[in-house]
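Notes for the one structure printed next.
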Amino acid sequence: MIRDDLAILVEQALAAAQAAGDLPEFAAPDVQLEHPQRPEHGDYSANLPLRIQGLARMKAIEVAEALRKHVPAHAAVAEVRVAPPGFLNFYLDGEWLASQAATIAAEGTAFGSTEAGRGKKLQLEYVSANPTGPCHVGNGRGAAIGSSLALVFKAHGYDVEQEYYVNDAGTQVAIFGRTLYARYQQLFGRDVTVPENGYPGQYVIDLAEDLKAEFGDAYLRPEGEEPDPALGELGIQRMVERIRTDLGLIGVHYDRWFSERSLQVEGGPYDRAFGRLRDGGYVVEREGAVWFATSQLGESKDNVLIRSDGQPTYFATDIAYHYNKFIERGFDRVIDIWGADHQGHVSRVKASVQAVGGDPEKLDVLLYQLVTLKRGGEIVPLSKRAGDIVTLREVVEEVGADATRYFFLATSAGSTVDFDLELAKTQSDENPVYYVQYAHARIAGVIARATEQGLSSAGANASLLTHEAELTLIRRLLELPETEEKVLADLAPHHLPHYAQGLASAFHVFYTQCRVITDDAELTKARLLLLEAARAVLARALGLMGVSAPEQM
RNA sequence: GCCCCCGUAGCUCAGUGGACAGAGCAACGGACUUCUAAUCCGCAGGUCGGAGGUUCGAAUCCUCCCGGGGGCGCCA
C-alpha cells in the first residue's frame, strides 16, 4: 500500500543522508507514517526527525531538512516539505491519484486483500453463550465483532475456522433440564414449581409446549421421580438450533459447533489434558476438591478443577478445550472473544495453555464490554436467569439485521454501550448504516443509468479526474488497506464503520459537486471509472462488516 | 480491600506519544426544472473527570484522587 511505499522512501532517505554524511550513523527506529489532521500538512507525515533528533544530536528541523534532500523520486509524490518543529510532509501527486482510480477499479472488491496469513491456521471462537436460552442482545455484540474479524482475516489469506463452543455439560445444563421438566409437567396439570436458580423465562414454557405438541406425554414420569435426561438433552438441542437460526439472521455462520461434552469422553481431550497437568505437577487435592496450582504459574490463586461433588468445573473443561485447540488441532493462533464478565478467566486460561504444553502467546482473548440494554431510558436485565430477556431476534426484527450489526460494530470493544430499544427504533432512519448504504445505492443507480444509455468506463482516461472532490474520494479509497491492517493489528473491527462513514461522506460530496453523466463523453467515462472503484471499495467495506450493499434504497 | 475496562461537544462515540482535539445525531440558517434531498453547504458547540509528574511535545505514558461498569478458590 502507498503508506508503506512512502515509509520505504523515508528509510532510503535516512540511509542516503547517512552515507552522504548529512546525518551521523545510528540505528533508527521503524518509520511510522500518519495522516495529518490538517490538509495543509500533506497527505502523509513522518515524525521521524522528531524521534531521532537525540540520536542525531541535531535539531529536528535540521534532521528533517537533511532527510528531505535525500528522499528518492516517486511517481506518487508531488512534493516533500519540511514543517516545524520537524515533520516531513508528503503531498501526493494529482495525476498519480487519478491513475489509482483505474488501478482500484481493475482490482474491484479484491482491492485491499493480501496474503499476509497464507498458510496460517486461525481459530476464532465467539458468542458461545450457554444453550440454556436464546441469544440476547449482548451476545449480538460478540457475534458482530467475531464475524467481522473472521471476514477480514479471511480476506488476508488466513485459514479461518469459526467456532461456537456449546456448553452442553455441567450444572447450568442440569438446571435447565429440571426447569424444562417442571414446565412440561405443568402442561399436564401437575402442581410443580420451577426449581430455585432455574430459568423463569417464557421461552422455556414455549419449548415445553412445542415438545408436548410433538411428543405428547412421552417424557412424563410418575410424579416425584427425576426427569428423563433425554428431555433435557432434547431441550438443549432445540435451544442450540434456535441460537443457530438467530445468529444466522445477522449473517453469522459457524464452521463448527463444538460440544463441551465431547471433550469428556473416556480417554478424550479432558483426560489427556488432565494427564498433562498431573505430569507437570500442577494438580493438588485439598478441602475435598481437586485444584490446579495456577499460583505456580504466577497466578494470584489456585483454581478448582473438580468440585467436591465430583463434577468438573467450567475451568477444567475449558483447559481441555484449549488443549484440544492448540495441541490436538494445531491452530497457529487462537482468538477467543468473550464478554468482559469473563475478564478474571483470561490469565488462568493462558496459564493453563502453558501448563498443557501450548504457547500462550498464540492465544488472544478479546474482551468486549457488556451491553446495557435500555427501553426508554430504563435498564432491562439481560441475564437468562432474570426471565425478562430481550432476544437478539426481537431486536433484529425491530431494527433490521444491517443496522444491528453496524451498531454493534461501530464502537470499540473496550467501551460499554447502551442499546436503547426505543431509540434504535425511532432513529432507525438516521442510523449511520443507511448513510453508507445510500452511497452504494447512489453509485449503483448512476451506473445502471449509464448502462441503459450504452455508456461505460471502457477506454477511460483517468487523468481527466482532476476535481478536488474526485481526488479527495480517491484518497479515501486508498485508505482501505490501511484500515484493514489496523483492524487485524488491533483486533478492532470498529475501524471499519468509521472508515466507511468517511468514505461515504467523500462520495456524497463528489456526487453533489461532480455530475457523472454529461455531454462530455470522455469525462463521463473517467467518472464512471471512479464510480466503479468507489463502488468496489464501498461494497468491500460493507461486506467485511457483514452488512448488505443495496443496489437501490 | 485488590485486579481489569471506561470517563472527550447537549447525546452516542472516534482519536491512545505529534502540529490549531474530530465525526454522527440533536439545534439553528441555507441548497432539489438537472444521474436518488436517506444528500450537500454554512453556523454553533470542548477546563479531553480532577491534581501532580515524565517528555522537545500528553486526550494518549506514570502516580494519586473522584465517578461508572465488570471481576476476585468449588456459576459459566
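Proteins come first, then strands; the chains are lettered A, B, ... in the order of their sequence lines, and each starts at number 1. Bear in mind the structure is a predicted one, so any value in this text is a computation, not a measurement.
Ring-plane geometry between A/Tyr199 and A/Phe176 is classed as perpendicular, the angle between the planes exceeding 60 degrees on a 0 to 90 degree scale with a lower cut at 30. Between A/Tyr44 and A/His35, the ring planes are tilted. Angles from 30° to 60° get that label.
Comparing B/A38, B/C40, B/G70 by their nearest atom to the side chain of A/Tyr434 picks out B/A38. Between B/G73, B/G71, B/C40, one nucleotide has an atom nearer to the side chain of A/Thr512 than all others, and that is B/C40. Checking B/C35, B/A38, B/G73 against the side-chain heavy atoms of A/Lys301 singles out B/G73 as nearest.
For the pair A/Leu370 CG and B/G68 C1', the interatomic distance rounds to 13 Å; values are reported in whole Å. To the nearest angstrom, C1' of B/A76 lies 9 Å from CG of A/Asp318. Rounded to an integer number of Å, the gap from CG of A/Leu473 to P of B/C40 is 13 Å. The distance from atom CH2 of A/Trp338 to atom P of B/G71 is 15 Å, rounded to the nearest whole Å. The separation between A/Gln343 atom CD and B/G69 atom P is 16 Å, rounded to whole Å. Taking atom OH of residue A/Tyr314 and atom P of nucleotide B/C72, one finds them 13 Å apart after rounding to whole Å. Per the geometry, CG belonging to A/Asn197 stands 12 Å off P belonging to B/A76, to the nearest Å. Rounded to whole angstrom, the span from the CZ atom of A/Arg535 across to the P atom of B/C35 amounts to 19 Å.
Counting any heavy atom pair closer than 4.0 Å across all strands shown, A/Arg449 reaches sugar-phosphate atoms only and no base atom. A/Ala340 comes within 4.0 angstrom of sugar-phosphate atoms only, judged by non-hydrogen atoms across all strands, and of no base. A/Ala439 comes within contact range of no nucleotide atom at all, as no heavy-atom separation falls under 4.0 Å. Among the atoms of the strands shown, only primed sugar atoms or phosphate atoms (P, OP1, OP2) are found under 4.0 Å from some heavy atom of A/Val509. Within the nucleic acid shown, A/Phe315 has no heavy atom closer than 4.0 Å to any nucleic acid atom. Base contact: A/Gln552 has a heavy atom under 4.0 Å from a base atom. Residue A/Arg348 is classed as a base contact, given a heavy-atom separation below 4.0 Å to a base.
For the C1' atoms, the distance from B/G30 to B/A37 is 13 Å, rounded to whole Å. Here, B/U16 and B/A31 have their P atoms 40 Å apart, quoted to the whole Å. If you take atom P in B/C5 and the same atom in B/C75, they sit 28 Å apart, rounded to whole Å. When the C1' atom is used for both B/A9 and B/C4, the distance is 29 Å, rounded to whole Å. Here the separation of B/C41 from B/U8, taken at their C1' atoms, is 27 Å to the nearest Å. Only the C1' atoms considered, B/A58 is 13 Å distant from B/A19, to the nearest whole Å. Taking atom C1' in both B/G22 and B/U60, one finds a spacing of 15 Å when rounded to whole Å. Spacing of P atoms, B/G50 relative to B/A59, comes out at 11 Å, to the nearest Å.
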Check your understanding: Dot-bracket, RNA chain B: Watson-Crick or G-U, under 3.5 angstrom, [ ] crossing, | other strand?
Key -> (((((((..((((....[...))))..((((.......))))......(((((..]....))))))))))))....
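Listed by first and then second residue, the side chain to side chain donor-acceptor pair (under 3.5 Å) pairs that reach into residues 505-515 of chain A are A/Arg442-A/His508, sequence neighbours excluded.
Salt bridge A/Arg475/A/Glu468: present, at least one basic N to carboxylate O contact under 4.0 Å.
Residues passing the side chain to side chain donor-acceptor pair (under 3.5 Å) test with A/Thr313, sequence neighbours excluded: none.
Nearest heavy atoms, A/Leu55 versus A/Pro29: CD1-CD, 4.3 Å. Nearest approach of A/Phe274 to A/Val290, heavy atoms of both residues: CZ-CG1, 4.0 Å.
With its glycosidic angle within 90° of 0, B/C32 is assigned syn.
Geometrically, A/Lys325 engages A/Tyr321 in a cation-pi contact, judged by NZ or CZ lying under 6.0 Å from the ring centre and within 45° of the ring axis. In this structure, A/Arg476 fails the cation-pi test against A/Phe507, since its NZ or CZ atom is not both closer than 6.0 Å to the six-membered ring centre and inside 45 degrees of the ring normal.
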Review point. What one-letter contact string describes nucleotides 13-24 of chain B from 5' to 3', where B marks a base within less than 4.0 Å of any protein heavy atom, S marks contact via sugar-phosphate atoms alone, and - marks no contact?
Key: SSS--BBBSSSS
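Nearest-nucleotide assignment on RNA chain B puts the 5′-proximal partner with A/Ile517, out of A/Ile517 and A/Asp302. Where A/Gln311 and A/Glu551 meet RNA chain B, the nucleotide closest to each residue was compared, and A/Glu551 sits on the side nearer the 5' end.
Distance check: A/Asn89 CG to A/Arg81 CZ gives 8.5 Å after rounding to the nearest 0.5 Å.
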Please set out all donor-acceptor pairs under 3.5 angstrom arising from side-chain atoms of residues 529-537 of chain A, sequence neighbours excluded.
{"unit_1": "A/Glu532", "atom_1": "OE1", "unit_2": "A/Ser457", "atom_2": "OG", "d": "3.1"}
{"unit_1": "A/Glu532", "atom_1": "OE2", "unit_2": "A/Ser457", "atom_2": "OG", "d": "2.9"}
{"unit_1": "A/Arg535", "atom_1": "NH2", "unit_2": "A/Glu551", "atom_2": "OE1", "d": "2.8"}
{"unit_1": "A/Arg535", "atom_1": "NH2", "unit_2": "A/Glu551", "atom_2": "OE2", "d": "3.0"}

Donor-acceptor list for residues 410-418 of chain A side chains, cut-off 3.5 Å, not counting sequence neighbours:
{"unit_1": "A/Thr411", "atom_1": "OG1", "unit_2": "A/Arg141", "atom_2": "NH2", "d": "3.1"}
{"unit_1": "A/Ser412", "atom_1": "OG", "unit_2": "A/Ser415", "atom_2": "OG", "d": "3.2"}
{"unit_1": "A/Asp418", "atom_1": "OD2", "unit_2": "A/Lys374", "atom_2": "NZ", "d": "3.2"}

